[in-house]
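For the numbers below, each heavy atom of this structure counts, side chains included, while hydrogens, waters and symmetry mates do not. Throughout, protein chains are lettered first and strands after them, A, B, ... in sequence-line order, and every chain is numbered starting at 1.
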Amino acid sequence: MKRRRRQGVSRRFGGLLVGAVAASVIAGLVPSCLRPAEDRTARDEAVGHAAIPGLRVAVREGLAAVRELEEGSVRLWASAPSIELELSFDEAAGAPEQAATPPREVELSVRNCMPEGTLTILEGEAQWAPLPASLVTECRFRVIASSSPVVLRVADPLADTPGAFHFGVLSDIQEAIDRVGDVYRRINEEPHLSFVLGAGDLTERGSREELERFQEELEALALPYYTTLGNHELGASETPYHDYFGRGSFSFVYRDARFTLLDSASATIDPRVYEWLSDWLDLGRRQTHVVAMHIPPLDPIGVRNGAFSSRNEASKLLGRLARGNVDLTLYGHIHSYYRFDNAGIPAHISGGGGAIPERFDALGRHFLDVRVDERGVAGVRVVRVD
Amino acid sequence: MGLEREQRGRETLRRGGRRGVAAGWLCALLTVSPGQAWGDRAQDVPGVSLVGVGESAGAPDDVAVAQLGTSAYAYGAHDASVVYPSGGDRALAFGAAIVPGLLIHGSGSYVLGREDTAVRLLILEGVGLALLAAGGSVIAATGAARDFVGPAAAVTMMGAGLFTSSALADMYSVLAPTGGLGVDPGWTPRLQAELGYRYVYDPQFDYRHFVVNRLHGRLANWRLSPSLWSSPGDANQRFRVELAYRFFGPLPGSARTDGNFLEAEVAMTNHRFPRDEFQLTTFESSLRARWDLATYDPFLAGAFLDFEVGAATQVHDFGPGAHGSKSFTLLLGGFGFGMYLGDQRSEGGYVRAYYDHRHDDFAAGLLLPGLISGTLGHLGLDALYYFTEHLGARAEAQVGSATVVGLSGVFRFGGRGP
């Protein structure tokens, strides 16, 4: 009898023990699982900052990645039509204002630059001269600084002039990188486009080799390509995306229209990015405001859920965008084209870069041509490549 | 017959020693046919031939199993004349249930001499893999095309459920005492009320603490289940009401032999987020089923599988500033593996691990690093135990985009069968 009673007790508590252990495992897994983009957000904050003995670079708002920093040479990858950077020379570190310094010569190279981008000295004393560049999307200058720090601006001459313009949207290239040249050639045939916006999935797995290959192919595009990352940039053991193409979440202004790109590659947006977004929404409230990200908050084909992991978060984000007077939302991730509205904001999913297509949509590779004028977003045109 | 076979195999094991069994197991896994891991030694025993297992390779002798199951192998029974698997046997079998059991489901049962159980689990795995392949290939071939992805995802999910469950069932079979940790509830209460606390950690929202009320009322084949989650500090509220019709299965007041059931459910959920100025309202319909594994194999007694599939329309009211509301569809579904605890006529309950494809409740979908983002639902654990005839407790944990953990007091009344 004693043995049977013992067995009964052990059965009951065995089951409860299994439950308790499993609950503990679930609870223990939690904190590290619920912010998968936290590390990338921290990396966003570091983009645009680099230093070597004698020279420090800080790109304002992280709108360019520092690709290379050597004595007398700074190489950047721009994420916006207009970037501002501060060059500081160590001898003057700690000086309250611009301090006199022996003339320092720096060769500044900005890749992914607007064609005909020009340089302006915003603060400090410096002289500059343009240098020949090998690509239409490269801007090179020789800068001779006679104070420290100096603040420079490299921008499209029209960047601050309100007016109508067009931009392209291209996303989800992935394994179709071998054929992406066709797409770039077709984009180059649209001379009215000012730049191309990307909503991620440039590569298949996001490795350094793939990112370098993407950059090589991009040399065929006659326009700068401002992009965020997609879930396919997260497939490698490390995520080197930020070293190459800069921030995943950022915001810039071009011709009085604001563009905000958000890192939704993990089917969520990090809480820190929501804080940034609040500021960007405030700044863009009276501007035409375009928001782009890779994974859409909501998939128009809901049963597929190529969308945020949480419908609650999706609704929260879209409500905020609507209250921030956002004019247009652009997404990738789904390899087709969808036009719908979310929270009353026109939405376009365009994953036409060539990655495995959604069948039966009779569309194939494509990109978008978006026209913006003084009234806002004036039109979105789908341009077929195949 | 399978039980007798296991008994003979275990006697052989005692004689042969564990080392011989381990060697036989390894040989069996690598080279020999089912039964021979034990049979190598059994051949040394006069009158015992595990090769004879093949005689019953067709339909199992359910009568013999049932008869034996009600005596020596029933839940809670102990027969001194029977040699039950020892701790060492079970540890060895559990190892096999992991390697190669995670690939070849049923390996653990096989090592314990339960060939019929092993074959049945292998069949479940095969069906699961076939469904996975069928659904997955449609998704891949069509590029998740809009007209195909819903049904294909549902089939894939069912396949994943069977595949996962057959592996878990094998582990359960070798670890749980013969007869299981409990029996199917002999009681479907007419009224079940729950009051509890849930802690919800979602980095996207400020709410953390919820009071949970649930009520299940049953009348004949019908069930009505309203529930309310409310956060006193945040004003966040989720109200849900379910109406279900049970086509077959345990009903209040009825005599029952197993826990199998199939029911259709319609439900409405309204979730308000006053702080973030939006609300979601979901209208859904689904089919829910439970498969009591005791009806599939006696060595799986006390375990069950749950399945659900359905669809919903969700109306997003994005709040002030947004121009109107918008509807989006939602695939519902999931699967769970559970085990009964205790003799539920007096006390007892169940514990259940599950996958739920929902993306619209507190836990929502899993956030995974890397390529797989957004598609999967959440994982959960649900345990209910009645300590007395009427009073019990329920513990719940979920992890998705948020974590939910909590405890409730549960009260049941009426509907006790003969």
A.B. asks: Given that the side chain runs from C-beta out, which part of B:Glu396 has a heavy atom under 4.5 Å from chain A: side chain, backbone, both or neither?
C.D. replies: neither

A.B. asks: Shorter than 4.5 Å, heavy atoms on both sides: which option in A:Gly235, A:Gly306, A:Pro271 has the most such pairs with chain B?
C.D. replies: A:Pro271

A.B. asks: Testing the basics here: between A:Phe360 and B:Ala145, what is the closest heavy-atom pair and its distance to 0.1 Å?
C.D. replies: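 It is CD1-CB, 4.1 Å.
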
A.B. asks: What part of A:Ile334 is in contact with chain B, defined as an atom under 4.5 angstrom from a non-hydrogen atom: side chain, backbone, both or neither?
C.D. replies: neither

A.B. asks: Sort out for me which of A:Ser309, A:Gly344, A:Ala322, A:Gly302 touches chain B most, counting heavy-atom pairs under 4.5 Å.
C.D. replies: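 Heavy-atom pair counts peak at A:Ser309.
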
A.B. asks: If I measure from the heavy atoms of chain B, does A:Ser336 come under 4.5 Å with its side chain, its backbone, both, or neither?
C.D. replies: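 Side chain only.
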
A.B. asks: Run A:Leu34 and B:Thr403 through side-chain contact (heavy atoms from CB on, under 4.5 Å) and show every step you take.
C.D. replies: CA-CA 8 Å; A:Leu34 300 185; B:Thr403 303; 3.5 Å; yes

A.B. asks: Heavy atoms, side chains only, cut-off 4.5 Å: are B:Phe328 and A:Arg311 in contact?
C.D. replies: yes

A.B. asks: Counting heavy-atom pairs under 4.5 Å with chain A, which one of B:Ala140, B:Ala311, B:Pro320 comes out on top?
C.D. replies: B:Pro320

A.B. asks: Would you mind checking which part of B:Ala141 comes under 4.5 Å of any heavy atom in chain A, side chain (CB onward), backbone (N, CA, C, O), both or neither?
C.D. replies: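 Only the backbone of B:Ala141 comes within 4.5 Å of chain A.
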
A.B. asks: So for B:His378, is it side chain, backbone, both, or neither that comes closer than 4.5 Å to the heavy atoms of chain A?
C.D. replies: neither

A.B. asks: List the steps, then state whether side-chain hydrogen bond (donor to acceptor under 3.5 Å, both in side chains) holds for A:Ser310 with B:Gln204.
C.D. replies: CA-CA 10 Å; A:Ser310 165; B:Gln204 303 293 352; over 6 Å; no

A.B. asks: Decide if atom CZ of A:Arg272 counts as having more than 12 heavy atoms of other residues, nucleotides or ligands within a radius under 6.0 Å.
C.D. replies: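 Buried by this count: over 12 neighbours within 6.0 Å.
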
A.B. asks: Can you confirm whether A:His294 sits close enough to B:Ser373 that some side-chain heavy atom of one is under 4.5 Å from a side-chain heavy atom of the other?
C.D. replies: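 No; the side chains remain at least 4.5 Å from each other.
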
A.B. asks: Check whether B:Leu367 gets within reach of chain A through its side chain, its backbone, both or neither, counting any heavy atom under 4.5 Å.
C.D. replies: both

A.B. asks: Kindly indicate whether the side chain of A:Asp361, heavy atoms from C-beta on, has any atom under 4.5 Å from the side chain of B:Arg146.
C.D. replies: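 The answer is yes, as the side chains (C-beta and beyond) meet within the 4.5 Å cut-off.
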
A.B. asks: Determine, stepwise, if the pair B:Phe205 / A:Lys316 fulfils side-chain contact (heavy atoms from CB on, under 4.5 Å).
C.D. replies: CA-CA 9 Å; B:Phe205 296 96; A:Lys316 176 183 96 164; 3.6 Å; yes

A.B. asks: For atom CZ of A:Arg285, is the number of surrounding heavy atoms from other residues, nucleotides or ligands below 6.0 Å larger than 12?
C.D. replies: yes

A.B. asks: Chain A: which of B:Ala363, B:Ala176, B:Ala395, B:Gly365 shares the most heavy-atom pairs with it under 4.5 Å?
C.D. replies: B:Gly365

A.B. asks: When rounded to the nearest 0.5 angstrom, what distance separates CZ in A:Arg304 from CG in B:Leu331?
C.D. replies: 12.5 Å

A.B. asks: Only pairs of heavy atoms separated by less than 4.5 Å count here; which of A:Gly206, A:Gly319, A:Ser315 has the most with chain B?
C.D. replies: A:Ser315

A.B. asks: Considering only heavy atoms, which portion of B:Leu366 lies under 4.5 Å from any heavy atom of chain A: side chain, backbone, both, or neither?
C.D. replies: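 The answer is the backbone of B:Leu366.
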
A.B. asks: Taking every heavy-atom pair that is under 4.5 Å apart, which of A:Asn342, A:Asp341, A:Ile345 has the most such pairs with chain B?
C.D. replies: A:Asp341

A.B. asks: Can you tell me which of A:Tyr274, A:Tyr338, A:Phe308, A:Phe340 forms the most heavy-atom pairs within a distance under 4.5 Å of chain B?
C.D. replies: A:Tyr338

A.B. asks: Is it the side chain or the backbone of A:His232 that comes within 4.5 Å of chain B heavy atoms, both, or neither?
C.D. replies: both

A.B. asks: For B:Asp276 and A:Arg323, work out which heavy atoms get closest and say how close.
C.D. replies: O-NH2, 3.2 Å

A.B. asks: Measuring heavy-atom distances to chain B, does A:Ala355 have an atom under 4.5 Å in its side chain, in its backbone, in both, or in neither?
C.D. replies: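 Contact with chain B involves no heavy atom of A:Ala355 at all.
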
A.B. asks: Check each atom of B:Ala144 against the heavy atoms of chain A and say whether the ones under 4.5 Å are side chain, backbone, both or neither.
C.D. replies: both

A.B. asks: On a heavy-atom basis, which atom in B:Gly150 and which in A:Val303 lie closest, and how many Å separate them?
C.D. replies: CA-CG2, 3.7 Å

A.B. asks: Minimum heavy-atom separation for B:Asp361 to A:Asn312, with atom names?
C.D. replies: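 In terms of heavy atoms, the two residues are closest at O-ND2, 3.1 Å.
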
A.B. asks: With rounding to the nearest 0.5 angstrom, report the CG to CZ distance, A:Leu298 to B:Phe318.
C.D. replies: 5.5 Å

A.B. asks: With a 4.5 angstrom heavy-atom cut-off, which part of B:Asp147 approaches chain A: side chain, backbone, both or neither?
C.D. replies: neither

A.B. asks: So which of A:Ile356, A:Leu317, A:Thr268 has the biggest tally of heavy-atom pairs under 4.5 Å with chain B?
C.D. replies: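 That would be A:Thr268.
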
A.B. asks: Just verifying a value: how many Å separate A:Asp299 CG and B:Leu330 CG, rounded to the nearest 0.5 Å?
C.D. replies: 11.0 Å

